[in-house]
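First the structure, in the form of structure tokens, and then the observations on it.
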Amino acid sequence: MPEFIPLISQQEIDGRIKQLGRQISADYADKDLVMMGVLKGAFIFLADLTRQITIDHDIDFIGASSYQGTSSTGQIVFTKQPDLDLENRHIVLVEDIVDTGNTLLKIIDFIKLSHPASVKLCALIDKHERREVNINVDYSCFSLDKGFIIGYGLDYNEKYRNFPAIYDLKP
């Protein structure tokens with residue numbers, strides 16, 4: 001039976017998302033903003049974040065995966081492409097966790113093919129333990145050094161996304 005070690009409470013998450021929503025609203029006040037969630041993990045974070053953004057914006061999704069179990073396969077598979085026209089629009093890519101950074105670099109390169117005005121990265125968790133590439137996280141709720149994190153959209157083999165807080169999973 002796995003052990004779940006509490007890391008970040010639901011109240012801490014809520015507080016940081018409110019702050020981030022205010023910051024993004026100010027930064028994009030006069031811009032054509034698209035909040036783009038990376039499926040599947042970011043859907044809960046994006047849903048809560050978008051309700052804290054006070055300016056008009058569109059929402060879209062992109063799907064990509066490189067994980068099986070607790071480790072990256074190194075192969076990026078796109079499971080969903082954006083529906084909106086992204087040309088000359090400001091994209092905030094919303095991700096649950098930035099880990100190695102490899103998947104996000106490929107997603108960002110893919111989005112740039114649509115000629116957006118800008119692409120910035122927003123992550124619930126900026127985790128540095130296994131970072132393999134230099135990637136800038138423009139907005140982050142929390143920074144962690146290590147652990148296998150689940151809850152609040154983060155999964156282990158598609159399980160535990162529904163937990164309202166964030167835990168370190170110990171097998």
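All values reported here derive from a predicted model rather than from experimental measurement.
Residues L86 and I55 are members of separate hydrophobic clusters, defined by side-chain heavy-atom contacts under 4.5 angstrom among Ile, Leu, Val, Met, Phe, Trp and Tyr. Placement of L144 and V137 in two distinct hydrophobic clusters is found when ILVMFWY residues are connected by side-chain heavy-atom separations under 4.5 Å, directly or transitively. In the hydrophobic clustering of this structure, V38 does not group with I44; members are Ile, Leu, Val, Met, Phe, Trp, Tyr whose side-chain heavy atoms approach within less than 4.5 Å, directly or through other members. Hydrophobic clustering keeps I149 apart from F163 (ILVMFWY residues linked when any side-chain heavy atoms are closer than 4.5 Å, directly or through intermediates). F78 is connected to L104 through a chain of hydrophobic side-chain contacts under 4.5 Å among Ile, Leu, Val, Met, Phe, Trp and Tyr, so both are in one cluster.
Atom CD1 of I91 sits about 13.5 Å away from atom SG of C122, to the nearest 0.5 Å. Expressed to the nearest 0.5 Å, how far CD1 of I107 lies from NZ of K112 amounts to 13.0 Å. With values rounded to the nearest 0.5 angstrom, I150 atom CD1 is found 10.5 Å from I5 atom CD1. Note that the CG atom of L7 and the CZ atom of F142 stand 10.5 Å from one another [nearest 0.5 Å]. The structure places CD1 of I53 at 10.5 Å from CD of Q23, a figure rounded to the nearest 0.5 Å. Annotation: the span from I166 atom CD1 to E12 atom CD amounts to 9.0 Å, rounded to 0.5 Å.
For G147 against E129, the heavy-atom pair with the smallest separation is N-OE1, 3.1 Å. Of all heavy-atom pairs spanning V133 and N102, the tightest one is CG1-OD1, 3.2 Å. Across all their heavy atoms, H90 and S118 have their closest contact at ND1-OG, 2.7 Å. Closest non-hydrogen pair, D85 versus E87, comes out as OD1-N, 3.1 Å. Annotation for T79 and A64: closest pair OG1-N, 3.6 Å, computed over non-hydrogen atoms. Shown here for P116 and I111, the closest heavy-atom pair between the two residues is CD-O, 3.5 Å.
No close placement of the Y167 and Y160 rings is indicated, their centers lying 6.0 Å or farther apart.
Side chains of K40 and D155 form no contact here, defined as non-hydrogen atoms less than 4.5 Å apart. Residues L121 and N136 are not in side-chain contact: their nearest non-hydrogen atoms beyond the backbone lie 4.5 Å or more apart. Side-chain contact between Q11 and D14: absent, with no pair of heavy atoms (C-beta onward) separated by less than 4.5 Å. No side-chain heavy atom of Y156 sits less than 4.5 Å from a side-chain heavy atom of P2. Residues I8 and Y152 form no side-chain contact, since every pair of their non-hydrogen atoms from C-beta on lies 4.5 Å or further apart. The shortest side-chain heavy-atom distance between I24 and L49 falls under the 4.5 Å cut-off. The side-chain heavy atoms of I13 and C141, taken from C-beta on, include no pair separated by under 4.5 Å. With contacts defined as side-chain heavy-atom distances shorter than 4.5 Å, the pair F45/L20 qualifies.
With R16 contributing its side chain and L124 its backbone, the two residues share no donor-acceptor pair below 3.5 Å. R51 places no side-chain N or O within 3.5 Å of a backbone atom of G21 that could act as its donor or acceptor partner. In this structure a side-chain-to-backbone donor-acceptor pair under 3.5 Å is missing from R89 to A117. Put simply, the side chain of D168 gets close to the backbone of F148: a donor and an acceptor are under 3.5 Å apart. Counting only distance, with no hydrogens or angles, the side chain of Q52 and the backbone of Q19 share no donor-acceptor pair below 3.5 Å. Checked by atom type and distance alone, the side chain of D60 pairs as donor or acceptor with a backbone atom of D83 at under 3.5 Å. S25 places a side-chain N or O within donor-acceptor distance of the main-chain N or O of T54, the cut-off being under 3.5 Å.
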>> Set out, in order, the CA-CA distance, both residues' side-chain angles and the distance that settles side chain to side chain contact (heavy atoms under 4.5 Å, CB included) for H57 and V92, then state yes or no.
In response: CA-CA 10 Å; H57 62 283; V92 173; over 6 Å; no
>> Test salt bridge (Lys or Arg N to Asp or Glu O under 4.0 Å) on D27 and K120; report intermediate values, then the result.
In response: CA-CA 11 Å; D27 291 352; K120 293 212 173 172; over 6 Å; no
> Run the side chain to side chain contact (heavy atoms under 4.5 Å, CB included) check on I135 and I108 step by step: do they pass?
Replying inline: CA-CA 10 Å; I135 190 164; I108 290 168; 4.2 Å; yes
>> For a side chain to side chain contact (heavy atoms under 4.5 Å, CB included) check, start with the C-alpha distance between L93 and I62, then their side-chain angles and the critical distance, and finish with the verdict.
In response: CA-CA 9 Å; L93 191 61; I62 190 166; 4.1 Å; yes
> Can K127 and D96 be said to form a salt bridge (Lys or Arg N to Asp or Glu O under 4.0 Å), step by step?
Replying inline: CA-CA 10 Å; K127 191 172 127 211; D96 56 358; over 6 Å; no
> Would V98 and R131 satisfy side chain to side chain contact (heavy atoms under 4.5 Å, CB included), going step by step from the backbone distance to the final call?
Replying inline: CA-CA 8 Å; V98 179; R131 189 71 45 91; 3.4 Å; yes
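Heavy-atom neighbours of D56 CG from other residues, nucleotides or ligands within 6.0 Å: at or below the threshold of 12. Counted within 6.0 Å of CG on N162, heavy atoms from surrounding residues, nucleotides or ligands total more than 12; the atom is thus considered enclosed. Heavy atoms from other residues, nucleotides or ligands lying under 6.0 Å from NE2 of H115 number 12 at most.
Under the ring pair (Phe, Tyr, Trp, His ring centres under 6.0 Å) criterion, Y28 pairs with no residue, sequence neighbours left out.
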